[in-house]
Amino acid sequence: MTTTPFATLDQAELLQLALNATRNNDSGMSIAYLKEAVSRPDATAAAHFILGSEYAQIKMYDRAVAEMEAAVALDPTLAIARFQLGLLWLSSGVPDKALQTLQPLEELGEQNELAHFGRGLIHLMRDEFAETVHCLTRGIALNTANPALNADMQKIIDEVNRFPPETLQNRSASASTEAAGEHHIFISAYTENGRVS
């Protein structure tokens, strides 16, 4: 436990110390730094986003959603937070909110992996499984910066590919959402190397 008084630390310092703690698998310390950061008037979208990621890692999903929503409210262009929030809603069985959250990612364009990942999840919600696999595969090909994100998207592809053909034809949206998020699929390394955009 650090003896440095949090009050002496600015936002950049708190964020960097939180990321260092995350890399050292110290969720408790990371959350402590981030809770201090988001409690201040100059709280950043990045701080809310990383705090939401930490909460998701320790399976406190309601708090993760709240922090992701705060991040998107502060910076609607923080696409990674929007995507993660959409995935949280999807894996929580709230497809309407997931759809509303993910749709703006289309504006990122054809060369952005998150546009394809978001589109893939929307297809998943509509039981459009071939399109799901196509979009997620395209996103993986474009994403060279975050292998862990690709691994998580591959898990969804693998899950879809396990469905028997007759199930793919008759599956309801709620069932497909449940399968995709059975264990609260959540992106595991958005904060890898401090990358939050």
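These numbers were taken from a predicted model, which means no experiment stands behind them.
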Practice problem: Start with the C-alpha gap between Leu136 and Glu113, add the side-chain angles, then the distance that decides, and say whether side chain to side chain contact (heavy atoms under 4.5 Å, CB included) holds. | Solution: CA-CA 8 Å; Leu136 296 182; Glu113 65 272 15; over 6 Å; no

Practice problem: Would you check if there is a donor-acceptor pair between the side chains of Gln84 and Ser53 at a distance under 3.5 Å? | Solution: yes

Self-check item: Nearest non-hydrogen partners of Ser30 and Ala18, listed with the distance
Solution: OG-O, 3.1 Å

Self-check item: Ring centroid separation Tyr61 to Tyr55 under 6.0 Å
Solution: no

Quiz prompt | Heavy-atom donor-acceptor pair, Glu106 side chain to Gln103 backbone, under 3.5 Å | solution = no

Practice problem: Evaluate the criterion side chain to side chain contact (heavy atoms under 4.5 Å, CB included) for residue pair Phe129 and Asp127; output intermediate values, then yes/no. | Solution: CA-CA 6 Å; Phe129 300 108; Asp127 293 343; 3.7 Å; yes

Quiz item: Can you tell me how far CZ of Phe6 sits from CD of Glu13, rounded to the nearest 0.5 angstrom?
Solution: 12.0 Å

Quiz item: If you measure from CE on Met29 to OG1 on Thr22, what distance do you get to the nearest 0.5 Å?
Solution: 11.0 Å

Self-check item: Rounded distance [0.5 Å steps], CD1 in Ile50 versus CE in Met68
Solution: 9.0 Å

Quiz prompt | Closest non-hydrogen atom pair, Gly86 against Ala98 | solution = O-CB, 3.4 Å

Exercise. Identify whether the distance between the nearest side-chain nitrogen and carboxylate oxygen of Arg119 and Glu110 falls below 4.0 Å.
Key: yes

Quiz item: Linking I/L/V/M/F/W/Y whenever any side-chain heavy atoms sit under 4.5 Å apart, do Leu74 and Val38 land together?
Solution: no

Quiz item: Counting only N and O atoms by type, is there a donor-acceptor contact under 3.5 Å from the side chain of Arg82 to the main-chain atoms of Thr101?
Solution: yes

Quiz item: So which heavy atom on Leu15 is nearest to which on Ala47, and how close?
Solution: CD1-CA, 4.1 Å

Quiz item: Do His123 and Glu128 have side-chain N/O donor and acceptor atoms under 3.5 Å apart?
Solution: yes

Quiz item: Nearest heavy-atom pair of Pro95 and Met125: which atoms, and what distance?
Solution: O-SD, 3.5 Å

Practice problem: Report whether Ile156 and Leu142 are members of the same hydrophobic cluster (ILVMFWY, side-chain heavy atoms less than 4.5 Å apart, transitive linking). | Solution: no

Self-check item: Those residues that, when tested against Arg40, pass side-chain hydrogen bond (donor to acceptor under 3.5 Å, both in side chains) (two or more places apart)
Solution: Glu36

Quiz item: Is Asp10 reaching over with its side chain to a backbone N or O of Ala12, donor-acceptor style, under 3.5 angstrom?
Solution: yes

Quiz prompt | For the student: nearest non-hydrogen atoms of Gly109 and Ala115, plus distance | solution = O-CB, 3.4 Å

Quiz item: CZ of Phe117 to CG of Asp152: how many Å apart, nearest 0.5 Å?
Solution: 9.5 Å

Practice problem: Run the numbers on Ile140 and Ile157 for side chain to side chain contact (heavy atoms under 4.5 Å, CB included), then give the verdict. | Solution: CA-CA 11 Å; Ile140 289 170; Ile157 292 171; 3.8 Å; yes

Practice problem: Applying side chain to side chain contact (heavy atoms under 4.5 Å, CB included), run through Glu54 and Leu34 and close with a yes or a no. | Solution: CA-CA 9 Å; Glu54 286 290 344; Leu34 292 164; 4.0 Å; yes

Practice problem: Find the distance between CG (Asn24) and CG (Leu19) and round it off to the nearest 0.5 Å. | Solution: 11.0 Å

Quiz item: Is Asn143 reaching over with its side chain to a backbone N or O of Leu149, donor-acceptor style, under 3.5 angstrom?
Solution: no

Exercise. Could you list the residues that satisfy side-chain hydrogen bond (donor to acceptor under 3.5 Å, both in side chains) with Thr77, not counting sequence neighbours?
Key: Asp75

Quiz item: Under 4.0 Å between a Lys/Arg side-chain N and an Asp/Glu carboxylate O for Lys155 and Asp158?
Solution: no

Quiz item: Would you say Asn161 has more than 12 foreign heavy atoms packed within less than 6.0 Å of its CG?
Solution: yes

Quiz item: Any donor and acceptor pair, going by atom type alone, linking the side chain of Ser92 with main-chain N or O of Leu88 inside 3.5 Å?
Solution: yes

Exercise. Write down the atom of Ala64, the atom of Gly52, and the distance for their closest heavy-atom approach.
Key: CB-O, 3.3 Å

Self-check item: Any donor-acceptor pair under 3.5 Å from Gln11 side chain to Ala37 backbone
Solution: yes

Practice problem: Indicate whether the side chain of Asn150 and that of Gln154 have a donor and an acceptor atom separated by less than 3.5 Å. | Solution: no

Quiz prompt | N/O donor-acceptor pair under 3.5 Å between Asn112 side chain and Leu108 backbone | solution = no

Quiz item: Within a strict 4.5 Å, meaning less than it, do heavy atoms of the Glu69 and Val65 side chains meet?
Solution: yes

Quiz item: Does the side chain of Leu9 come within less than 4.5 Å of Tyr33's, by heavy atoms?
Solution: yes

Quiz item: In this structure, are over 12 heavy atoms from other groups packed under 6.0 Å from Gln100 atom CD?
Solution: no

Quiz prompt | Inter-residue atom distance Thr132.OG1 - Met153.CE, 0.5 Å rounding | solution = 11.5 Å

